[in-house]
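Remember, it's 1-based here, ligands and their atoms both numbered in the order they're listed.
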Amino acid sequence: MTNQKALEFPPGFVWGAATASYQVEGGVKEDGRGPSIWDTFCALEGKVLNGDTGEVACDHFHRYAEDVGLMAELGLPAYRFSVSWPRVMPDGRTVHPPGVGFYDRLVDELLDQGISPIVTLYHWDLPQALEDEGGWRVRDTAARFADYAAVMHGALGDRVQDWMTLNEPFCAAFLGYGSGVHAPGVADHGTALVAAHHQLLAHGLGMAALRSAAAPGQRFSLALNFSPVLVDVDDEAHREAARKFDGMHNRMFLDPVLGRGYPADVLADVAHLNALEPAILGGDLETIGTGLDWLGVNYYAPTRVTPLADPAVPSNCGLPGLRGFDVLPPRGPLTSFGWEQAPSSLTDLLLWLHRHCPEIPLVVAENGAAFPDTIDSDGRVRDHDRALYFAEHLRAVHSAIRQGAGVRGYLAWSLLDNFEWAMGYTQRFGLVHVDFETQQRTIKDSGRFYSRILANNAVPADDSAELTTS
Ligand code: GBH
């Protein structure tokens, strides 16, 4: 890749890969771990495809050392993982040292291999004990989260520089309590808005807890999932449809953490549910808006919307309270998940963030694609589609940087094929193939390709032979 056709990233650009506790760990009963809402949800009939569960997942709980070895083989400078709250606090409140011990060992193993840990505290696996007390419907869960954040900082803060409070509160609130396709499986739009507010409050209280214990140089953040909106026609009605979706999907979570409160147009769009504003108590917006040291940007696909003739008709988008428009089917090349492949939307998103909050450094904290893997008789895992997806999206990131966006890093989703939530084990996102029968790991062609990109700090400018040769 030492030709003139490579697009170079800025010096110090952070490369890595990400996972999440429930998706990879397994070991759900090891060392006294308590149940999470995902253990409960998976046991319900018909919630997860094929009745799959995270009981074993990638067995990362037992194989973490081997997995860190794979990261070293790939040459990853950084690894983003999440902590299972019920592993370290089985009842959601009381510290359980054996559970903390797992993350102690993981962090030490990473540091031994020269890999920087990036810790996410909440990637959707709430202790079931707290759900039994109301979960994200109740404010107290936010206070419990702040205690948990303080505990984890106490345990790992001497070795971990980069911390994220929440991953994608959009999903945990709107899929968990709004559409009900994720744990705990509640389907109520008003409840989803309240859950979103309490998660943002947890972020704010968690940030305060982390900052009060901060060592010099530590950085605190969260990861939000963004979906840029596409319309077919540039007229008033289409712009209004796009505004509503963008408001509820993107600005609803970003503006409060930036200290700007909830967007007025979003509050107006959901006022008829009479749920969000009553949940906001005095001081909450100040707590939530504590500012960020950087922003984790998770991007997978854009969303296409179209206006409806009747503004009072509920939207098919499934987001709380939205009316008067529908989401259209994705177009063009799709991933096996059925998501649209649109690298230019990633450039647009990063440039929009740069204009919206120029003061905040951005890190792409998740980006990747589900495709089936083809395995040769010699065991080689060919996944040309995934390599191409990474190449195109990294060119999109490069283009945003060239146009001025302050993007400091990129973390591929995911290190390993893993438990893909409601889709069970049917969607593979890994740089490393996992055989879920034998737990054998095999670095995919896309993993080798990514490894060369980060070694060169550059992505090939076009789809040369480098995509397929290893
Ligand atoms: C991430 O969420 C998660 O952080 C990660 O755990 C997960 O494995 C990864 O994505 C891959 O799924 O409802 O059909 O209109 C991604 C956020 C939110 C992106 C839902 C797609 C819905 C498309 N996702 N969104 S749809």
Side-chain angles (χ1 to χ4, degrees), residues 17-25 36 38 41 48-49 52 54 57-58 60 80-84 118 120-125 164-176 178-183 187 192 196 199 222-230 245-246 248-250 252-253 296-305 315-320 322 325-331 334-342 345-346 349 363-371 386 389 393 411-431 434:
T19 64
S21 50
Y22 192 73
Q23 294 182 273
V24 299
E25 284 181 5
S36 82
W38 271 93
F41 189 71
V48 176
L49 214 57
D52 289 341
C58 306
H60 175 73
R80 173 179 176 232
F81 64 92
S82 81
V83 175
S84 164
I118 301 173
T120 303
L121 292 170
Y122 187 71
H123 198 129
W124 312 351
D125 46 353
M164 310 183 90
T165 55
L166 311 179
N167 179 71
E168 303 185 353
F170 168 98
C171 292
F174 294 172
L175 306 183
S179 64
V181 300
H182 280 185
Q199 284 190 41
L222 88 174
L224 298 177
N225 57 307
F226 293 92
S227 188
V229 193
L230 301 176
F245 188 89
D246 172 61
M248 187 57 70
H249 195 293
N250 304 322
M252 161 85 183
F253 294 89
V297 179
N298 295 1
Y299 169 79
Y300 290 89
T303 304
R304 296 179 176 274
V305 300
S315 171
N316 69 353
C317 73
L319 303 190
L322 296 188
F325 73 93
D326 269 349
V327 167
L328 295 172
R331 291 182 203 159
L334 307 181
T335 69
S336 69
F337 217 134
W339 297 349
E340 186 161 336
Q341 298 184 55
S345 283
L346 177 54
L349 169 62
V363 171
V364 176
E366 285 183 28
N367 175 239
F371 288 110
R386 187 176 290 99
Y389 181 98
H393 286 74
L411 309 174
W413 185 269
S414 177
L415 176 72
L416 302 169
D417 293 336
N418 60 46
F419 174 75
E420 180 48 41
W421 308 112
M423 302 302 282
Y425 294 97
T426 64
Q427 301 295 326
R428 294 179 178 273
F429 279 89
L431 296 166
V434 177

For W339, is the nearest heavy atom under 4.0 Å from an atom of ligand 1? yes
Would W421 count as a polar contact of ligand 1, with the cut-off being nitrogen or oxygen pairs under 3.5 Å? yes
Is it the side chain, the backbone, both or neither of F429 that has a heavy atom closer than 4.0 Å to ligand 1? side chain
Relative to the ring of W124, is the ring of W421 parallel (under 30°), tilted (30 to 60°) or perpendicular (over 60°)? tilted
For Y425 against G54, the heavy-atom pair lying closest together: OH-CA, 3.9 Å
For ligand 1, which part of N167 has a heavy atom less than 4.0 Å away: the side chain, the backbone, both, or neither? side chain
Can you find a non-hydrogen atom of A20 under 4.0 Å from ligand 1? no
Scan the protein's non-hydrogen atoms and note whether one is under 4.0 Å from atom 2 (O) of ligand 1. yes
Numbering the atoms of ligand 1 from 1, which are under 4.0 Å from a heavy atom of E420? 7 (C), 8 (O), 11 (C), 12 (O)
Give a yes or no on whether the backbone of Y299 and the side-chain of N367 come within a donor-acceptor separation of less than 3.5 Å. yes
Give yes if a backbone or side-chain nitrogen or oxygen of W124 is under 3.5 Å from a nitrogen or oxygen of ligand 1, and no if not. no
State whether the shortest distance between N or O atoms of N418 and N or O atoms of ligand 1 falls below 3.5 angstrom. no
Please report whether ligand 1 has a polar contact with N225, defined as an N or O pair separated by less than 3.5 Å (distance criterion only). no
Evaluate the 4.0 Å heavy atom contact test for atom 15 (O) of ligand 1: does a protein atom fall under the cut-off? no
Among the heavy atoms of Q427, does any lie under 4.0 Å from an atom of ligand 1? no
Tell me which part of C317 gets within contact of ligand 1: side chain, backbone, both or neither, using heavy atoms under 4.0 Å. neither
Would you tell me which option among N316, L175, V327 has the nearest heavy-atom contact to atom 20 (C) of ligand 1? L175
Tell me, do W413 and N418 make a side-chain contact under 4.5 Å, heavy atoms counted? yes
Is at least one protein non-hydrogen atom found at under 4.0 angstrom from atom 22 (C) of ligand 1? no
With no hydrogens and no angle check, is any side-chain donor or acceptor of N250 less than 3.5 Å from a backbone partner on S227? yes
Looking only at protein heavy atoms, identify the closest one to atom 17 (C) of ligand 1 and say how far it is in Å. E168 OE1, 3.5 Å
